[in-house]
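Quick note on labels: first sequence line is chain A, next is B, and so on, each numbered from 1.
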2 protein chains.
Amino acid sequence: MTFNVRPHRQPSGGSARDLVYARLREQILSLELPPGAALSEQESALAFQVSRTPVRESFLRLAQEGLVQVLPQRGTFVSLIDAELVEEARFMREQLEAAVVRLACEKFPPEALKALDDNLLEQKTSMKREDERELFGLDEAFHRVLFEGCGKRNTWQVIQQMNAHLNRSRLLRLVTAHEWDHLYEQHERMARAIRERDADEAERTMREHLRRGISDMEQLRQSYPQYFKQGE
Amino acid sequence: MTFNVRPHRQPSGGSARDLVYARLREQILSLELPPGAALSEQESALAFQVSRTPVRESFLRLAQEGLVQVLPQRGTFVSLIDAELVEEARFMREQLEAAVVRLACEKFPPEALKALDDNLLEQKTSMKREDERELFGLDEAFHRVLFEGCGKRNTWQVIQQMNAHLNRSRLLRLVTAHEWDHLYEQHERMARAIRERDADEAERTMREHLRRGISDMEQLRQSYPQYFKQGE
DNA sequence: ACTACCACACTTGTATGGTAGTATGGAAGT
DNA sequence: ACTTCCATACTACCATACAAGTGTGGTAGT
């Protein structure tokens with residue numbers, strides 16, 4: 001098995017449904033379609049130049065992921081950000097990643113470890129170029145390699161779904177350069193812990209790593225209270 | 001907030017789509033529709049006396065949950081059991097439940113604790129009546145109360161989805177009376193650990209609790225190799 | 001001014017016809 | 001006997017028409 005260090009691009013089917021779904025998802029996660037915004041099968045169908053059927057099927061899929069809410073005979077709306085749901089997504093991710101990084105300390109393929117090292121190098125150069133988009137992708141790739149190295153590919157998929165809700169509350173991924181320094185250092189510590197099979201250190205670092213940015217949500221909530229569920 | 005001790009019935013919308021979805025899901029999980037079986041929009045539509053649209057939408061939802069596989073222009077098939085996926089589902093559940101039961105040892109509403117006790121009583125009477133179906137529901141309710149007591153309702157929902165894959169490999173939930181004794185004893189130990197705030201004991205018991213029945217899959221795999229993915 | 005009512009313009013849910021791609025079995029050619 | 005090709009009967013995908021429920025604004029009646 002090989003481990004791709006580069007950011008991952010999922011094989012989005014060329015069907016109209018998948019295209020509409022992917023585009024809508026982007027717009028929702030980037031807040032281009034803000035929480036609470038009304039969608040319409042007809043309107044989206046016109047915009048994408050397809051019929052209602054693929055649009056409708058996209059809506060259903062988004063609804064299942066909790067990104068939109070379909071109210072029969074009333075309308076479809078971008079879901080308000082549910083603080084409880086976001087916190088639980090973070091909670092779940094923390095537990096799963098903590099367990100996986102422990103696993104990695106017990107048994108981790110050398111190729112995967114090499115992939116982590118390569119990834120760290122790329123992170124360093126991207127930091128110098130201040131390419132935040134690339135950094136975001138590399139961060140994601142780092143964690144993905146961790147899961148794939150432990151044979152937990154499906155678990156990673158589940159986490160990816162949860163990330164949808166996390167990302168939407170993370171101020172559009174805008175992290176300061178200083179933050180990236182900190183994140184990079186944590187990544188390095190984790191890679192070292194895995195190499196030295198120090199499970200406790202690895203788990204501690206991972207939990208700390210994933211607890212950052214909780215305040216982002218509170219900040220977003222204060223700036224845009226109308227984006228959030230249940231006012232208080 | 002109140003905690004319902006009884007098995008939980010989800011508010012399945014009365015729409016044709018939801019009905020078809022629920023029925024198909026049952027049939028798949030009970031192996032009435034065996035892994036590998038071919039489905040057809042037309043055929044199912046006839047069987048359920050609805051048009052192809054709600055059937056098709058059910059298929060898409062089942063596909064997203066990984067219970068069926070849609071091959072464009074070829075057909076829709078009940079997914080083969082993916083041993084790797086099943087094991088990962090068990091893994092995820094173990095991590096999440098372990099973390100939650102630790103949480104419960106720190107902070108757990110008295111009403112929820114009472115609900116656990118009531119549930120244990122009902123389990124006892126159901127065991128005497130050898131009502132396995134009821135026992136299964138009560139087991140599920142026990143764990144649900146644990147999550148709700150910790151304010152992790154959404155996490156429980158995620159676990160429920162994973163259970164779909166777990167259950168299909170668990171020989172139709174048929175557990176011997178002796179097994180139920182063991183499970184009951186573990187439930188009791190967890191409730192006691194929560195009351196006494198013994199997080200280590202609670203976590204240990206939970207992990208043990210969730211590691212049971214791994215051999216079920218191997219057994220099913222030997223009896224029905226054609227139900228499993230990748231032949232070896 | 002106020003209320004009750006109703007037509008109408010929306011919404012999603014469901015039914016159905018047409019399109020294009022795929023598998024298959026039988027016929028024709030070697 | 002074996003291979004090649006093609007008609008045919010499927011499949012899911014998409015477009016479109018109709019049904020049924022909901023919100024709203026205007027209007028008639030008080």
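- Classified by interplanar angle (parallel below 30°, tilted 30° to 60°, perpendicular above 60°), the ring pair W156(B)/F147(B) is tilted.
- Using a cut-off of 4.0 Å between Lys/Arg side-chain N and Asp/Glu carboxylate O, R52(A) and E41(A) are scored as salt-bridged.
- Using a 4.0 Å cutoff on non-hydrogen atoms, the parts of residues 43-55 of chain B near DNA chain D are R52(B), ordered by number.
- When the options R90(A), R93(A), H143(A) are evaluated for a side chain to side chain donor-acceptor pair (under 3.5 Å) with N163(A), the one that passes is R93(A).
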Side-chain donor/acceptor pairs under 3.5 Å, residues 65-73 of chain B, sequence neighbours excluded:
unit_1	atom_1	unit_2	atom_2	d
E65(B)	OE1	Y21(B)	OH	3.1
E65(B)	OE2	Q64(A)	NE2	3.4
E65(B)	OE2	Y21(B)	OH	2.7

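- First and last contacting nucleotides of DNA chain C toward chain A (any atom under 4.0 angstrom from a heavy atom, 5' to 3' order): dT11(C) to dT14(C).
- In this structure the side chain of R221(A) reaches within 4.5 angstrom of the side chain of E218(A), judged on heavy atoms.
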Between N or O atoms, less than 3.5 Å apart, protein on one side and nucleotides 5-9 of chain D on the other: list the pairs.
none

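- In this structure, the CD atom of E57(B) is 13 Å from the P atom of dC14(D), given to the nearest Å.
- Between the side chain of E88(A) and the main chain of T155(B), a donor-acceptor pair closer than 3.5 Å is present.
- Note that the CG atom of L183(A) and the NE2 atom of H209(A) stand 5.5 Å from one another [nearest 0.5 Å].
- Checking side-chain atoms of N119(B) against main-chain N and O of L138(B) turns up a donor-acceptor pair under 3.5 Å.
- Listed by residue number, the members of residues 33-41 of chain B with any heavy atom below 4.0 angstrom from DNA chain D are L39(B), S40(B), E41(B).
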Decide yes or no on side chain to side chain contact (heavy atoms under 4.5 Å, CB included) for L220(B) and I81(B), but give the supporting numbers first. CA-CA 10 Å; L220(B) 185 62; I81(B) 298 177; 4.1 Å; yes

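- The shortest heavy-atom contact between L146(B) and V100(B) is O-CG1, 4.0 Å.
- One distance of note links CD of E122(B) with CG of L135(B); it measures 10.5 Å at 0.5 Å rounding.
- Between R144(B) and E148(B) there is a salt bridge, since at least one side-chain N of the basic residue sits less than 4.0 Å from a carboxylate O of the acidic one.
- Rounded to an integer number of Å, the gap from R74(B) CZ to dC10(D) C1' is 13 Å.
- Direction of the helix axis in the helix from dA1(C)-dT30(D) to dT30(C)-dA1(D) shifts by 20° between the two five-pair termini, rounded to 10°.
- The two atoms that bring P35(A) and R168(A) nearest to each other are CG-NH1, 3.8 Å, heavy atoms only.
- In this structure, the separation between OG on S58(B) and CZ on R23(B) is 12.5 Å, given to the nearest 0.5 Å.
- Look at R61(A) and E57(A) and you find no salt bridge, because none of the NZ, NE, NH1 or NH2 atoms lies under 4.0 Å from a carboxylate O.
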